[in-house]
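Structure first, commentary second.
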Amino acid sequence: MVKPSIPKGTRDFTPVEMMRRNYIFDTIRSVFHRHACLPIETPAMENLSTLMGKYGEEGDRLLFKILNSGDFTKGVDFQNDEQSVNHLASQLCEKGLRYDLTVPFARFVVQHQGELTFPFKRYQMQPVWRADRPQKGRYREFYQCDVDIIGSNSLLNEVELVEITGEVFRAFGIDIVMKINNRKILTGIAEIFCNADQVTDLCVALDKLDKIGREAVCAEMLERGIAQTSIDGLSPLFELGGLSNHEVLDKLATMLSASETGMKGVEELRTVLDYVAKLQIPIQLEVDVTLARGLNYYTGAIFEIKAKDVAMGSISGGGRYDNLTGIFGLKNMSGVGISYGAERIYDVLNELNLFPPHIMTPITAMFVNFGGDDELYALQGLKRLRDANIPSEIYPDPVKMGKQMNYANAKGIPYVIMAGENERSQGVYTLKNMQTGEQQALQIDDIIGIWMKNPK
RNA sequence: GCGGUUGUAGCUCAGUUGGUUAGAGUACCGGAUUGUGGUUCCGUGGGUCGUCGGUUCGAAUCCGACCUGCCGCCCCA
């Protein structure tokens, strides 16, 4: 016997969980549709060359690689030194599981550029895989819900993503704060206070400010080779907490006046904030200079969303990328997108008890099976209910009634319909309300009528 | 990938300094109850004590490795 188990960091979903997950996907999808976004899907596996090198060194390590089929050792140059591990992997594996939806999307856009109309607004809700060490809220297989607008530099797209985000989380009833920053600001800071090529080191350290505090951040910067004089120059950055968005931007404008890129970033943020304010989009938007995010392909806006009433990592993130399609040979194709994490949203809804009750108790009916001629009579009634679009079933075996009632009870079926010899001779069906215990004999049309009056 | 921690029935957990046949609650199945569930009572079944190896006369218990869940780091939804 094989002990049933699934790979580390993966999960099964029970019917209860699936109904809740579907509620999440359906809700997000309806917002995407309202914004005229179009769905696409891409394969679970991509060519490894499509994925490698797109997520930084750390990302490459977290990629699931797929062993070639057939005689995968043929012609492979085996060497045991550490440096050759990547080389060996590239000989043994030509495919890998996708790490996110953005890079496959960039590949998709380049490959299908002739068939697409730009600016292209697409959404995609599919699983991604990461060979990370699992923890709570952290899995090796999880779903992302991405929306991207590609082929346009307009900041209206950033504004729309803010708007979409507001709509999504309002639909869920989750109170969020959306943090926004701009990669150009970070570049400007690096240019002025450090060296232009230290943006990544600067960002990685700065990103941890709210987690490990100012001193530890400075220590990490030193460790990463940023000069003490540079760090001293950065000190105004640590004192932006508590200021309004406009005050933060004013300070940044002063600090970055010598950097053309930095000033552009400030201007972009100003424009987005301005639109959001004038359109009165109801969302708490917060400029946060320490927001960096690891992905190195972001070039403009950077987003991150956190739920306010629950301690958890970010539930969404995104940003603008100017050159993602460039690596696949298509230039001048700027895009901006955001990704909503389905399982994180699930955990937040669960913890705050925000799942609507009706998704758990669908209105259904079950016919008791009395066997013999009664069975056919019940099936005829069942067909009428289904024709009327009422979710319903019949217990498949004519077993003891207690057992059938028990099934209905355990499954949370709110209505049981009984039709035996007595009912059949009178052409009626006995409808029993499982909550109140009341029951009455009715024509099938009257039973249907009851549903029509109470669709929920 | 690094460090820490966890694992006993489907589920939640007891199990004495290492000592006969590893228990309880709950769930499941059957019965009390041949057209009435959620309450109650009775009974049956169910375990390679995560896996493999080691120490020992003897291991659920001690040791090691691996697997899994969780926590921290790294990174991230």
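Remember, it's a predicted structure, so these values are computed and weren't measured experimentally. Chain A is the first sequence line, chain B the second, and so forth, proteins listed ahead of strands; every chain is numbered from 1.
- Nearest to the side chain of A:R133, among B:C73, B:G3, B:G35, sits B:G3.
- Each of A:R320, A:R122, A:K121 was evaluated against A:D148; a single residue qualifies, A:R122, per the salt bridge (charged side-chain N to carboxylate O under 4.0 Å, His left out) test.
- One atom, CG of A:L101, and another, P of B:A77, lie 11 Å apart when rounded to the nearest Å.
- Summarising the geometry, the separation between CD1 on A:I176 and C1' on B:A77 is reported as 15 Å, rounded to the nearest angstrom.
- The side chain of A:R61 has B:C74 as its nearest neighbour among B:C74, B:U36, B:C70.
- When heavy atoms are screened at a 4.0 angstrom cut-off, A:E141 is found touching no nucleic acid atom at all.
- In this pair, A:Y407 and A:Y395 present their aromatic rings perpendicular. The plane angle is above 60°, beyond the 30 to 60° band.
- Ion pair A:D445/A:R384 flagged as a salt bridge, since at least one NZ, NE, NH1 or NH2 atom sits closer than 4.0 Å to an Asp/Glu carboxylate oxygen.
- Counting non-hydrogen atoms under 4.0 angstrom, A:D132 reaches a base of the nucleic acid.
- Nucleic acid contact for A:K208: sugar-phosphate only, since backbone atoms but no base atoms lie under 4.0 Å from a heavy atom of the residue.
- B:C76 atom C1' lies 15 Å from atom CG of A:D60, rounded to whole Å.
- As rounded to the nearest Å, B:C41 and B:G53 have C1' atoms that lie 49 Å from one another.
- Ion pairing between a basic and an acidic side chain is recognised when a charged N comes within 4.0 Å of a carboxylate O; A:E58 and A:R61 show such pairing.
- Straight-line distance between the C1' atoms of B:A65 and B:C57: roughly 26 Å, to the nearest whole Å.
- One donor-acceptor pair, N or O on each side, does fall under 3.5 Å between the base of B:G37 and the side chain of A:N409.
- B:G46 and B:G64 are spaced 32 Å apart, taking the C1' atom of each and rounding to whole Å.
- Between the CD atom of A:E58 and the P atom of B:C2 there is a distance of 13 Å, given to the nearest Å.
- Across the C1' atoms, B:U56 and B:C73 are found 40 Å apart, a figure rounded to whole Å.
- The side chain of A:Q135 contributes no N or O atom lying less than 4.0 Å from OP1 or OP2 of B:G69.
- Applying the Watson-Crick and G-U wobble criteria (two distances, each under 3.5 Å), B:A9 pairs with nothing in any strand.
- For the P atoms, the distance from B:G7 to B:G50 is 8 Å, rounded to whole Å.
- Put simply, NZ on A:K136 is 13 Å from P on B:G69, counting in whole angstrom units.
- A:E393 has a carboxylate O that lies under 4.0 Å from a charged side-chain N of A:K411, or vice versa, which qualifies the two as a salt bridge.
- The ring of A:F169 has its center closer than 6.0 angstrom to the ring center of A:Y340.
- Put simply, CG on A:D397 is 19 Å from P on B:U34, counting in whole angstrom units.
- Nucleic acid contact class of A:Y143 (heavy atoms, under 4.0 Å, all strands): none.
- Along RNA chain B, the nucleotide nearest to A:I212 and the one nearest to A:P7 differ in position, and the one closer to the 5' end is contacted by A:P7.
- Going from atom CD of A:Q404 over to atom C1' of B:U34 covers 13 Å, rounded to whole Å.
- A:S316 comes within contact range of the sugar-phosphate backbone alone, with a heavy-atom separation under 4.0 Å but no base atom that close.
- Separating the CD1 atom of A:I24 from the P atom of B:A77 is a distance of 17 Å, rounded to the nearest angstrom.
- Counting any heavy atom pair closer than 4.0 Å across all strands shown, A:Q144 reaches sugar-phosphate atoms only and no base atom.
- Across all strands, A:E423 comes closer than 4.0 Å to base atoms (heavy-atom distances).
- Nucleic acid contact for A:G371: none, since no nucleic acid atom lies under 4.0 Å from a heavy atom of the residue.
- No donor-acceptor contact under 3.5 Å links the side chain of A:K8 to the base of B:U68.
- Comparing B:U51 with B:C11, their P atoms sit 14 Å apart, to the nearest whole Å.
- Nucleic acid contact for A:G137: base, since at least one base atom lies under 4.0 Å from a heavy atom of the residue.
- Using a 4.0 Å cut-off between a side-chain N of Lys or Arg and a carboxylate O of Asp or Glu, A:R344 and A:D347 do not qualify as a salt bridge.
- Rounded to whole Å, the C1' atom of B:G47 lies 16 Å from the corresponding atom of B:C28.
- Stacking between A:F142 and B:A77 is present: the aromatic ring centre lies within less than 5.5 angstrom of the base six-membered ring centre, and the two planes differ by under 30 degrees.
- Nucleotides B:G30 and B:G35, compared at atom P, are 14 Å apart to the nearest Å.
- Taking a cutoff of 4.0 Å between a charged side-chain nitrogen and a carboxylate oxygen, A:E17 and A:R21 do not qualify as a salt bridge.
- Among the atoms of the strands shown, only primed sugar atoms or phosphate atoms (P, OP1, OP2) are found under 4.0 Å from some heavy atom of A:K400.
- Comparing A:R344 and A:M418, the nucleotide of RNA chain B nearest to each residue sits closer to the 5' end for A:M418.
- Look at B:C29: its Watson-Crick or wobble partner, with both distances under 3.5 angstrom, is B:G43.
- No donor-acceptor contact under 3.5 Å links the side chain of A:R11 to the base of B:G69.
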